[in-house]
Enquirer: 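Below are the structure tokens for one structure; questions will follow.
Lettering of chains follows the sequences in order, A, B, ..., and the numbering in each one begins at 1.
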Protein chains: 2
Amino acid sequence: MTMSNTGGRRRPPTIHDVAREAGVSRGTVSRVLNGGHYVSPAAQEAVNAAIRKTGYVVNRHARSLITGRSDSIGFLLTEPQERFFEDPNFNVLLRGCTQALASHDVPLLLMLAGTEDERRRITRYITAGHVDGVLLVSSHSGDPVAEELREAGVPLVACGKPMGLGAKVSYVAADDRDGAKDMVRHLLSQGRRRIGVVTGPLDTPGGVERLAGYKEVLSEAGIEIDEKLVVPGDYSRASGEAGAERLLAQAADIDAVFVASDLMAQGVLTALQRAGRRVPEDVAVGGFDDSPAATAVSPALTTIRQPWDRISNEMVRVLLAQIGGEDPAAVILPTELVKRDST
Amino acid sequence: MTMSNTGGRRRPPTIHDVAREAGVSRGTVSRVLNGGHYVSPAAQEAVNAAIRKTGYVVNRHARSLITGRSDSIGFLLTEPQERFFEDPNFNVLLRGCTQALASHDVPLLLMLAGTEDERRRITRYITAGHVDGVLLVSSHSGDPVAEELREAGVPLVACGKPMGLGAKVSYVAADDRDGAKDMVRHLLSQGRRRIGVVTGPLDTPGGVERLAGYKEVLSEAGIEIDEKLVVPGDYSRASGEAGAERLLAQAADIDAVFVASDLMAQGVLTALQRAGRRVPEDVAVGGFDDSPAATAVSPALTTIRQPWDRISNEMVRVLLAQIGGEDPAAVILPTELVKRDST
DNA sequence: CCGGCGTCTGTGAGCGTTCACAGTAGAGAA
DNA sequence: TTCTCTACTGTGAACGCTCACAGACGCCGG
């Protein structure tokens, strides 16, 4: 039973205790804690030993008070709750970002802005400086929160290119157009010629690009775009189901559908099977995202994989860089065709 | 252009600025901020006006430094990531807790412990006092994290009764047994007699209780329990599908299945339909949870609603009470039968 | 021997808040 | 009047850390 142990038993050890234990000053301990520059190897060693011995953990509040940073970041989702409940992509992204941040020892604050009230509260919270930066996920266009945060100068990285925010905000996105092209080429290579499309929301760059990829490949193949084959969706399962029904009604002779999200593709599958069309024999279905939903259905979806791990890692990297003073950046990541049973 | 405005333009206003603006002392401002006891109405008024005028927001780090509280809580999910990706119940709970906490102005830190490494890191983070308490979601038994946290004296509230932690940890749960009984009675009332069951994990109280409810009602109705009608599951969709197949193989004459989770019920539906059984004509299917999954399938699931909103609210209430010094508590909430198309 | 430089270390100040305490004023009781 | 009690207010002193600064030491070139 040592003095140092008995003495400060009840309350956690401070940097002061570590300094005393290691026989150095607070300043030296602090320097070791923050990168260890200008510290002799001997002191370095002694401090680390003292930290282990005392079980010291830095008091983040004291640190933040003086640095002005909170060393935490917000994950902001501005989607209606139904979307959050039905689309597992959010979970994948959430997990990826949590993991990426954990390796930097930065906690993630979850902010769900489903209602106007929450939106306001969250905006206030963020602009008050309670987080150093924000990872933004919002599939819909013209997000007022994003605009406010940008104006307030809060470091911000969006998932997917945001609409109408100019080049001022960073984003990380998959190569939507390229992915769409791959899928449509794949459908073509299977001999499909009457290829319908259920688009994403066309007020978002992602939705527009995926449709553009579809049209581009068909044109290159010398197939004229039939507007009856193009029906709008909003990424929700219900809109996929409705889209497929509309497609079936407008163009009963389709032999394939390119669906701009896996969740919508689930709906498409449901509608197709209800209409007695076999997948993939009668109609091939290609999705987009490679969300967990893709393998939860039967037949398992052929889809375009968005590299979620890389997307989350890049979002975190770009955000931390921006917090460190760097300029906003846009990162486009390649996609990959995943062949399964629906084509 | 007033002096007070021009002076402190760059950096946010402090409690001191507010005090000067209002013509009172820091202490008085602080008292207003924390409930306003022992403050004259006039001072109260002046301080509030000054806060509005200066746009003051409390510096949480300074506050935490002295109070020793972090005024934030952790939401800890100790599930493999596949479970997190496929089960929308987590999202519902996450949203409920976020919302409940927001009304207390307490941020939620998301902690996903999928791997052993993360488990360790998170435990260290929590026991270091970086959060005041933890909302725990972990469907599997014998969770080492929970045990460690309990031993460290961290305020903890679990969702669902945790296995083997004794009465020492708070939890909020729906009345599993009662819900199961309602469902089986409902099945009985529809004239079903050969009722199979796909159970939840039987190393958790929830799984055990739901099965117990099933057996209890059948016994009361004078129907002998046929063990061929009881197959195990683990709440995952895949286990539901496998369970239904096994049921079909062991007891082809079933006319109903009580499934211990909606997600498994999705799998059951898939297997049943693949086997050519019509739902609900040939076989009725009853789920449990009323998860978003229940209405995403066809036919829409008859299920037992867990009152998620109340569950999250209670979890937060109990946790905050416990942080405030109260004793651990157990809350059991009533369920409700939701009749849809699968029975 | 001096001066300068680069490496390393200790020290005081201060970040913005809360808390304990001391103190004031006014009302009511003795 | 004087004393006590209650309602309210102001004032240091922390909380645990980082940062700027000053100083010590060894080494080099003049």
Side-chain angles (χ1 to χ4, degrees), chain A residues 4 7-48 50-51 54-72 105 128-130 132 324, chain B residues 4 7-8 10-48 50-51 54-72 105 128-130 132 323-324:
Chain A
S4 62
R9 188 64 201 86
R10 195 64 229 152
R11 6 197 317 97
T14 72
I15 204 174
H16 206 96
D17 300 323
V18 175
R20 187 154 21 88
E21 178 72 38
V24 299
S25 72
R26 296 175 351 254
T28 300
V29 176
S30 177
R31 274 183 289 263
V32 170
L33 255 28
N34 298 285
H37 295 302
Y38 285 90
V39 184
S40 69
Q44 182 97 244
E45 186 57 35
V47 168
N48 282 326
I51 288 176
T54 56
Y56 170 79
V57 185
V58 69
N59 181 320
R60 303 175 78 106
H61 304 301
R63 172 183 284 172
S64 291
L65 179 56
I66 186 160
T67 61
R69 283 173 281 120
S70 72
D71 286 323
S72 67
D105 200 32
H130 294 320
D132 296 340
Chain B
S4 63
R10 196 64 229 154
R11 3 194 323 96
T14 73
I15 205 174
H16 206 99
D17 300 324
V18 175
R20 187 154 19 91
E21 179 71 38
V24 299
S25 72
R26 294 172 356 252
T28 300
V29 176
S30 177
R31 276 183 289 263
V32 171
L33 255 28
N34 298 285
H37 296 301
Y38 285 88
V39 185
S40 70
Q44 182 98 243
E45 185 57 36
V47 169
N48 282 326
I51 288 175
T54 55
Y56 169 78
V57 185
V58 67
N59 181 322
R60 303 175 79 106
H61 304 302
R63 171 182 286 173
S64 291
L65 179 55
I66 188 160
T67 60
R69 283 174 282 120
S70 73
D71 286 322
S72 67
D105 200 31
H130 293 322
D132 296 339
I323 291 171

Enquirer: Could you work out, with salt bridge (charged side-chain N to carboxylate O under 4.0 Å, His left out) as the rule, every residue matching Asp17(A), not counting sequence neighbours?
Expert: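 For Asp17(A) the salt bridge (charged side-chain N to carboxylate O under 4.0 Å, His left out) partners, ignoring immediate neighbours, are Arg20(A).
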Enquirer: Might you list the N or O atoms of the protein lying below 3.5 Å from N or O atoms in nucleotides 26-28 of chain C, with each pair's distance?
Expert:
none

Enquirer: Got a sec, which residues hit side-chain contact (heavy atoms from CB on, under 4.5 Å) with Gln44(A), two or more places apart in sequence or on another chain?
Expert: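 Val32(A), Val39(A), Asn48(A).
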Enquirer: Would you give a per-nucleotide map of nucleotides 17-22 of chain C, 5' to 3', where B means the base has a protein non-hydrogen atom under 4.0 Å away, S means only the sugar-phosphate does, and - means neither?
Expert: BB----
Enquirer: According to the salt bridge (charged side-chain N to carboxylate O under 4.0 Å, His left out) rule, which pairs have a member within residues 56-68 of chain A, sequence neighbours left out?
Expert: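 Applying salt bridge (charged side-chain N to carboxylate O under 4.0 Å, His left out) to every pair that reaches into residues 56-68 of chain A, excluding sequence neighbours, yields Arg60(A)-Asp105(A).
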Enquirer: Under 3.5 Å, side-chain donor or acceptor atoms of residues 23-30 of chain B against the rest of the protein: list the pairs with distances, not counting sequence neighbours.
Expert:
{"from": "Ser25(B)", "atom 1": "OG", "to": "Gly27(B)", "atom 2": "N", "distance (Å)": "3.4"}
{"from": "Ser25(B)", "atom 1": "OG", "to": "Thr28(B)", "atom 2": "N", "distance (Å)": "3.4"}
{"from": "Ser25(B)", "atom 1": "OG", "to": "Thr28(B)", "atom 2": "OG1", "distance (Å)": "3.4"}

Enquirer: Return the angle between end axes of the helix from dC1(C)-dG30(D) to dA30(C)-dT1(D), with five pairs used per end and rounding to 10°.
Expert: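 That helix gives 50° between its end axes.
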Enquirer: Among residues at least two apart in sequence or on other chains, which ones pass side-chain hydrogen bond (donor to acceptor under 3.5 Å, both in side chains) with Ser70(A)?
Expert: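 Once residues adjacent in sequence are excluded, the partners of Ser70(A) under the side-chain hydrogen bond (donor to acceptor under 3.5 Å, both in side chains) criterion are Ser72(A), Asp132(A).
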Enquirer: Starting at atom NE2 of His61(A), determine the distance to atom P of dC17(D), rounded to an integer number of angstrom.
Expert: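 The answer, rounded to whole Å, is 11 Å.
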Enquirer: Does any non-hydrogen side-chain atom of Val47(A) lie less than 4.5 Å from one of Ile51(A)?
Expert: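 A side-chain contact under 4.5 Å exists here.
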Enquirer: Might you list the N or O atoms of the protein lying below 3.5 Å from N or O atoms in nucleotides 6-8 of chain D, with each pair's distance?
Expert:
none

Enquirer: Of the non-hydrogen atoms in Ala22(B) and Ala46(B), which two are nearest, and what is the gap between them?
Expert: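 Shortest heavy-atom contact: CB-O, 3.6 Å.
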Enquirer: Excluding sequence neighbours, so at least two apart, what forms salt bridge (charged side-chain N to carboxylate O under 4.0 Å, His left out) with Asp71(A)?
Expert: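 For Asp71(A) the salt bridge (charged side-chain N to carboxylate O under 4.0 Å, His left out) partners, ignoring immediate neighbours, are Arg69(A).
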Enquirer: Which value, rounded to the nearest 0.5 Å, describes the distance between Ile15(B) atom CD1 and Leu33(B) atom CG?
Expert: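 It comes to 5.5 Å.
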Enquirer: What are the two closest non-hydrogen atoms of Tyr56(B) and Thr14(B), and how far apart are they?
Expert: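 Heavy atoms of Tyr56(B) and Thr14(B) come nearest at CE1-C, 3.5 Å.
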Enquirer: Nearest whole angstrom, please: distance from the P of dC15(D) to the CG of Asp17(A).
Expert: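 Rounded to the whole Å, the gap is 11 Å.
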Enquirer: Knowing that exactly one of Leu65(A), Val58(A), Asn59(A) qualifies, which makes a side-chain contact (heavy atoms from CB on, under 4.5 Å) with His61(A)?
Expert: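 Only one option passes, and that is Asn59(A).
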